[in-house]
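Taking it in order: structure first as structure tokens, then the write-up.
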Amino acid sequence: MIVMKFGGTSVEDAPSIERVAEIIRARLDLKPVIVVSAMGKTTRKLLQAAEASAAGESKTTLGIVADLKTRHLSEARRLVKHADGREVFSLVEKHFDELKKLLEGLAVLGEVPPRGLDKILAYGELLSSALLTDALFERGIAARLFDARELIKTDDRYGSASPLFDVTDQRIREAIRPAIDSGVVPVVQGFIGSSRDGATTTLGFEGSDYTATILGAALDAEDIQIWKDVSGLMTADPAIYSRARTVKQCSFAEAAELTHFGAKVLHPKAIHPAAGKNIPVHIYNSRQPEAAGTTITSETVLCSNPIKSIAYKRPVTIIRATANMIADGSRFTSADDLLRALLDILSKRRAQPLITSVSASTVVLALDSRELRHGGRDLIEAISDYGSATAVPDRAIVSLVGDGLRSDPHLLSRAFKAIDEIDIEMIVHGSSPATMSFVVAQADVETVVEKLHDIFFASLDPRVFQ
Ligand code: ASP
Ligand code: MG
């Protein structure tokens with residue numbers, strides 16, 4: 001059997017869902033299990049509705065909900081003409097009734113508690129999965145809707161819950177295997193689960209990929225397919241570099257580095273279940289189903305290009321902290337104390353530095369600026385007993401990633417030559433053998449990516465690139 005996950009843009013309207021139905025039909029003999037994200041932009045709209053409601057803006061809230069309902073109903077009507085006995089229309093009504101009540105609750109509360117937000121965000125996937133199931137059924141494909149909250153059991157860290165794998169794996173096997181054996185196509189919501197006491201949880205934004213690999217690993221799938229609106233992993237982000245090419249193959253290690261440093265190929269957490277069971281992950285384009293896409297496996301695929309892709313992350317803030325080196329008997333701090341203090345605060349917020357660099361007296365952290373509060377001032381204050389620190393905003397990290405990087409002694413000098421007129425503030429190499437990262441001003445990203453691409457992908461190994 002295989003798992004096929006369809007992202008939000010792949011199910012954004014009726015024609016897209018029809019395309020998805022045909023992609024599934026063509027693979028029925030592989031016994032697919034379907035995981036689906038919310039229809040494009042729905043999750044963001046639900047978040048806006050929750051925030052508006054808590055802020056007392058009831059008109060905005062009702063407007064967003066009305067738009068969402070109209071959209072889901074009209075796409076459902078285009079997809080499901082023979083409504084007799086089909087659930088989708090009553091489910092849409094039921095979900096929107098509940099959603100409205102929850103949003104009214106937030107208006108009374110005047111805030112958005114994480115537990116309430118997860119419950120609200122879950123409607124995106126509950127709706128899209130209902131639409132897809134009946135769209136498949138209408139097209140003669142025996143599909144059955146499952147509730148991911150019955151399958152994916154998690155801890156209660158709302159907003160970024162972790163699966164409790166023992167129960168989850170068992171529940172998935174018990175529910176899904178018999179359905180597959182009876183020739184049914186199971187349809188499961190991505191992104192959502194539930195805690196031990198039954199409260200709805202979510203796995204983190206873009207978390208549907210994770211659902212797909214959790215299911216794939218539990219069911220010992222032969223293949224996990226992630227269907228998106230781009231043709232797999234690219235040599236650079238096509239949104240900022242138009243000549244980017246498709247990377248046909250990469251390793252789990254490379255994919256992990258790339259996602260850590262900003263590439264949107266796969267949710268970072270999604271790699272572990274697949275890699276752990278050595279199940280290949282394929283990235284495909286639902287608008288060009290015949291295109292090769294990207295295959296991610298445990299195999300190291302070396303090629304004549306030392307890197308596979310260039311990733312970037314921005315905005316990034318650099319925190320540079322220096323320890324007080326005054327040994328007055330009472331106080332002598334080292335970079336270790338600084339590091340501990342900084343990581344302590346960050347871990348309470350579940351934030352992690354993208355890059356950490358430590359010397360005897362100095363700690364440098366590169367952080368996703370969106371994870372910082374007040375531009376990092378609280379971090380600077382928190383370590384004021386140990387030393388002094390500065391925060392430099394509006395930076396970016398550009399990373400070269402490839403298993404072949406470690407064996408290319410000239411890589412650093414080639415990279416330097418390519419971007420010699422750019423101000424490079426920091427270079428990190430060696431923390432992972434497959435990655436070399438540069439910290440630059442965020443406005444320089446386009447130039448840096450272009451110049452590095454010209455050097456490292458001037459000629460392409462046809463075994464790996466297309
Ligand atoms: N719908 C969720 C989100 O937008 C999950 C996903 O798309 O994977 O984050
Ligand atoms: Mg999405």
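Every number for a ligand or one of its atoms is a count from 1 in the order of the listing. Numbers here are sequence positions counted from 1. What's counted below: heavy atoms across the whole structure, side chains too, no hydrogens, waters or symmetry copies.
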Any idea which part of [X] is under 4.0 Å from ligand 1, heavy-atom wise: side chain, backbone, both or neither?
| X | result |
| --- | --- |
| E125 | side chain |
| F191 | side chain |
| S37 | side chain |

Counting distance only, does the side-chain N/O of R287 pair as donor-acceptor with the main-chain N or O of K228 below 3.5 Å? no
Under the 3.5 angstrom rule, does the side chain of T211 hit a backbone N or O of F191 as a donor-acceptor pair? yes
Side-chain donor-acceptor pairs under 3.5 Å in residues 256-269, sequence neighbours left out?
| residue | atom | partner | partner atom | Å |
| --- | --- | --- | --- | --- |
| E257 | OE1 | T435 | OG1 | 2.7 |
| E257 | OE2 | S432 | OG | 3.2 |
| T259 | OG1 | A255 | O | 3.2 |
| T259 | OG1 | A256 | O | 3.1 |
| H260 | NE2 | L354 | O | 3.1 |
| H267 | ND1 | K269 | N | 3.1 |
| H267 | NE2 | F205 | O | 3.4 |
| K269 | NZ | L203 | O | 3.4 |

Consider ligand 1: state whether an atom of it lies below 4.0 angstrom from any non-hydrogen atom of G207. yes
F137 ring centre to R86 NZ or CZ under 6.0 Å, with the angle to the axis within 45°? yes
Side chains of T201 and T154, donor plus acceptor under 3.5 Å: yes
Can you see whether S195 engages D156 through a side-chain donor-acceptor pair at a distance of less than 3.5 angstrom? no
Hey, is ligand 1 close enough to E206 that some N/O pair sits below 3.5 Å? yes
Which of the atoms in ligand 1, numbered in the order shown and given with their element, are less than 4.0 Å from a heavy-atom of T43? 1 (N), 2 (C), 3 (C), 4 (O)
Go through ligand 1 atom by atom and flag the ones less than 4.0 Å from a non-hydrogen atom of F205. 9 (O)
